[in-house]
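First up is the structure itself, then whatever we jot down about it.
Within every chain, numbering begins at 1; the chains are lettered A, B, ... in the order of the sequence lines, protein sequences first and strands thereafter.
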Amino acid sequence: MTPDKLLVTLLGAALIIGVAWFFWFKRVPGVRAGIVSDGYQEAMILVKGGYTPDTIRVAAGRPVRLLFRREETAACSERVVLPDFGKSAELPTGTVVPIEFMPGEPGEHEFTCQMGMLRGRIVVEAA
Amino acid sequence: MTNDNAILLAASQTYDAHRRVASSAASEDRQAEYRALMRKWWFGAAVGVPTMILSYPWIFPVLRDLFPRGSQQLWALWALMGVASLAVIAYSGNQFFTGAWEALKHRSANMHTLIAIGTGTAWVYSTVALLFPWLFPAAEMTDVYYDVTVVVTALVVLGMALEAKARGRTSEAIEKLIGLQPKTARVVRHGQELEIPIDEVVGGDTVVVRPGAKVPVDGVIVEGSSALDESMITGESMPVTKGPGDEVIGATLNTTGAFRFRATRVGEETALATIIRMVGDAQASKVPIQRIVDRVSGYFTPAVVILAIAGFVIWYDFGPTPAFAYATIVAVTTLIIACPCALGMATPLALTTGVGLGATHGILIRSGDALQAAKKLDTIVLDKTGTITLGRPAVTDLIPAEGFDEAGLLAFAAGAERDSEHPLAAAVVEGAAERGLAPPAPDAFEAEPGHGVRATVGGRRVLVGKRVFLEAAGIEAEPLAETAARLADEGKTPVFVGIDGRAAGLLAIADPVKPDSREAIGALRKLGLSVVMITGDNRRTALAIARQVGIDRVLAEVLPQDKAHEVRKLQLEGRTVGMVGDGINDAPALAQADVGFAIGTGTDVAIEASDVTLISGSLRGVVAAVRISRATMRNVYQNLFGAFIYNGLGLPVALGVLYPFIGLLLSPILAAAAMSFSSVTVVGNANRLKRFRLQEAPA
C-alpha cells in the first residue's frame with residue numbers, strides 16, 4: 001500500500017468513527033421545565049433544523065405545557081407529534097403553539113416531526 | 001389531580017381554538033414554500049443548462065474549437081461557472097446548508113446534511129482543481145464538476161417543490177371539513193330574528209334555518225320540518241327528513257323546508273369541530289409499523305455518510321485512475337442518491353390521506369393503531385338492536401280476523417294501549433299515528449303486567465295481549481295460532497287483539513332490519529370476514545333476524561354486561577375481533593374488541609370506547625371503514641417497500657458495486673433525479689388513495 005493510500009484509509013477510518021460517535025453517542029442532560037404561576041411545568045422549544053432544547057426534563061404528575069416556536073419554512077417540521085400522549089399540532093412559522101399533557105409515570109417519551117426526522121425527548125422524573 | 005385536569009381541559013379548549021387557525025395558516029405556509037422553491041428551481045435550471053454543456057465543451061463541435069482543453073479560455077469559462085454555481089448554492093440551495101448546520105448543532109443529520117455535503121464537496125473539489133491544479137497528479141483530474149453542484153441542487157429543489165404541493169393535497173380533507181363551517185347564524189333574541197357571527201351563538205339559542213341555508217350549530221328541532229342533506233358529515237347521500245325532537249348537525253344543508261331549532265352544542269363542542277379535532281389527531285398519530293421505521297431512519301442518515309466515506313476510501317485504494325476523482329464522484333453520488341425522505345414520508349402521508357378519506361365519508365378513524373388493527377380483522381361482531389335493526393320496534397304486520405279490517409284492528413288496539421307503559425305499546429300507538437288513524441280515548445283502562453291490557457274503547461271492550469290473556473277472558477284464539485307461530489318464526493312478536501268477546505286479529509311487532517343491513521353484511525363476508533351477531537333477544541327471534549340478513553353465527557340471550565366477555569371468548573379462539581355497536585350500552589364490548597366501531601352516533605362523535613366512529617347508522621360504514629383501512633395499510637406497505645427497495649438498490653449502485661462487472665458508475669446528476677423522483681413517487685402514491693372508490697361499482 002502506497003503512503004497516500006494508507007493515509008486516506010486511516011483518515012477515512014478515523015472519520016467514520018468520528019461520524020458514528022458524533023451522531024450516535026450523544027447524551028445530553030436536557031433542560032428542566034420551569035413551573036409557572038398557573039401550576040404548569042413550562043418549557044419553550046425552538047423549532048429550527050431540530051428542537052432546541054431537544055431534551056426536556058419534567059416531574060411526574062404535574063401538567064406540562066411545551067411552547068413550540070417554529071422559525072423556519074421547511075415543510076419537514078410543520079407538525080410536531082407526541083405519540084405517547086396522543087398529542088400533535090401544526091406549527092405555523094413564527095407562532096408560539098402550546099401543547100399540554102399530563103406526564104404519568106417516570107420514563108422517557110419522544111416527540112418528533114411527522115416524518116420522524118427531527119427528534120426530541122421528554123424525560124419524566126419521579127416528583 | 002381533579003384541579004389539574006380542570007386546568008388541562010380549560011387550556012386544551014384555547015389550544016383547540018388556536019388549532020383551527022393554525023391549520024389554514026399551515027396551508028398558506030405550504031403554498032408560500034412551494035412558490036419559493038419553484039423560484040429556486042427556475043434559477044437553478046437556468047444556470048444548470050449552460051453549466052452542463054460548458055462542463056464538457058469537447059463533446060460539442062463548435063465549443064470544442066472555442067474552448068480547447070487546457071486553454072486560457074476554458075479556465076476563464078470554468079471560473080465563471082464556479083461563481084455562477086456559488087450563486088446557485090447561495091440562492092437555490094441555501095436551505096440545505098442552513099438545514100444541515102442547524103441539524104449538526106443538534107448532533108443529528110437529515111436529507112439537508114446529505115445534499116449539502118454532496119453538492120458542497122463537488123463545488124470545493126472543482127474549485128480546488130481550478131485554482132490549484134498542481135495539487136493533482138494528473139491533468140484529467142482537474143476537470144470541474146460545477147454541473148453536479150448546480151443540477152443536483154436544482155433537481156432536489158424541484159423534487160421538494162412537487163412534494164410540498166402534493167403534501168398539501170394529502171391534507172385537503174381536513175381543510176374541506178374546516179371550510180364546511182358556516183360563518184353566521186340567524187337566531188331569535190328578544191323576539192327578533194338577528195343574523196350574528198357563529199361564535200356568538202350560545203347553547204339554548206333558538207336558531208332559524210331557512211330553505212337552502214346551512215345549519216349553523218348542533219341542536220334539536222323545536223318547530224317545522226325539512227329534509228336535510230347530511231352527506232358532508234355522515235356520508236349518507238340521501239337527504240334525511242327531520243321534524244320536532246330530531247337532532248340536527250351543524251354544517252349540514254337544509255333543502256326546501258324551514259325550521260327552528262334549539263342550539264345544544266356550539267363553538268368547539270359541535271360535531272364538526274370535534275370531527276376536525278379527531279381527524280387532526282388521527283392524522284398526526286403513528287401507525288405502529290412506523291415505530292420500527294423511525295428506529296431505522298434514526299440511524300439512516302449518519303449511516304449514509306459513513307457509507308460515502310467508506311466508498312471514497314475503497315475507490316481511492318482499489319479504483320481505477322484518476323482515483324481521487326473517481327472516489328470523490330462515488331462519495332458524492334452515494335450522499336445524493338440516499339433518500340431518507342421517502343422512508344420518513346411513507347407512512348404519515350398514507351395515514352393522512354386514509355384518515356381524511358374516511359372523514360369525508362362520515363367515518364372517523366381514531367388513530368394509526370386503529371387503522372392497522374382494522375386491517376387485520378377477521379371477525380366482525382354486530383350488536384343486533386340498533387346496529388342491524390333500527391332499534392325501534394314497529395308494527396310490521398296487521399292480520400285482521402274475518403269481519404274486521406286492518407285500520408279498525410289497529411285503531412282499537414292503539415286506543416287500548418294509549419295509556420300503557422309497555423315498550424311494545426308505544427310501537428302500536430305510533431303505528432296507528434303513522435297510518436293516520438286517530439284512536440278513540442280509552443275508558444276503564446286496566447293493565448295486567450306480563451299479559452296484556454284491557455280497556456273500553458269507543459264503547460267496545462278491547463283486549464290486547466298474549467294468547468293466554470285472551471283465552472282467559474273466554475275468547476277463542478285458536479284460529480290465529482298458526483299465523484302467530486309463523487310470525488314468531490320470522491322474529492316478530494305476535495300480539496292478539498280481542499274486541500267484544502271475539503278474536504279480532506293479530507298485530508306483529510318487530511324491530512325492523514335496516515334497509516341496507518343485508519347488503520352490508522354480504523359485503524363484509526365478501527371481504528373475507530366472518531360475521532357474528534350478538535343480542536340479548538331470545539334465540540328464536542335472533543335466528544330469524546340472522547336468517548334475514550345472512551348471518552350464520554348467533555350469540556343470543558347475552559346480557560348487556562356479558563357482551564364484552566363474549567368478545568373476549570372470540571378473541572381466545574384466536575380471532576381478531578371488530579365489535580360494532582352503539583357507543584353507550586356497548587362501550588365495554590367496544591373497548592374489549594381489537595377494533596370498536598361506534599355506529600350511528602349522530603352529533604355525539606367523540607365516543608371514548610371506540611376506535612372508529614361511524615356517524616351514520618348504516619352498516620355500510622363498517623364495510624367502508626374496513627376497506628379504507630386495508631387500502632391505507634396496503635399503501636403504507638407499498639410506500640415502505642418502495643422506499644426500502646429504492647435505498648437498498650440505489651446505495652450499492654451509487655457505491656459502484658456494478659462497476660467491476662459491467663462498468664456501470666452512476667452520475668451524481670442521475671442520482672439527484674432518482675432521489676427527487678423517489679420522494680415524489682411516495683407522495684404520489686399516497687395521493688392515489690384519495691381516488692380510492694369506496695362503494696363497489698354498481699353491477
For the interface with chain B, which of [options] has the highest count of heavy-atom pairs at distances below 4.5 Å?
options: Ala13(A), Cys113(A), Pro83(A); result: Pro83(A)
options: Thr2(A), Val80(A), Asp4(A), Asp54(A); result: Asp4(A)
options: Leu118(A), Val19(A), Leu11(A); result: Val19(A)

Residues of residues 310-320 of chain B near chain A, each having a heavy atom less than 4.5 Å away
Ala310(B), Phe312(B), Val313(B), Tyr316(B), Asp317(B)
Is it the backbone or the side chain of Phe85(A) that comes under 4.5 Å from a heavy atom of chain B, or both, or neither?
neither
Please state whether the side chain, the backbone, both or neither of [X] comes within less than 4.5 Å of a heavy atom of chain A.
X: Gln283(B); value: backbone
X: Phe300(B); value: neither
X: Thr352(B); value: side chain
X: Ala109(B); value: both
X: Leu351(B); value: neither
X: Glu33(B); value: side chain

Does [atom1] in [X] sit with more than 12 non-hydrogen atoms of other residues, nucleotides or ligands closer than 6.0 Å?
X: Lys40(B); atom1: NZ; answer: yes
X: Glu108(A); atom1: CD; answer: yes
X: Tyr299(B); atom1: OH; answer: no

Just so I know, are the side chains of Ser88(A) and Asp281(B) near enough to count as touching, which here means a heavy-atom distance under 4.5 Å?
yes
Could you grab the distance from atom OG1 of Thr52(A) to atom CD of Glu102(B), nearest 0.5 Å is fine?
7.0 Å
Value rounded to 0.5 Å, distance of CD1 in Ile306(B) from CH2 in Trp24(A)
4.0 Å
Can you tell which of Ala327(B), Ser285(B), Ser108(B) has the highest number of heavy-atom pairs within less than 4.5 Å of chain A?
Ser108(B)
Identify which of Leu307(B), Leu104(B), Leu37(B) forms the greatest number of heavy-atom pairs closer than 4.5 Å to chain A.
Leu104(B)
Least distance between heavy atoms, Trp21(A) atom then Arg107(B) atom:
O-NH2, 3.3 Å
Can you confirm whether the side chains of Lys286(B) and Thr112(A) place a donor and an acceptor under 3.5 Å from each other?
yes
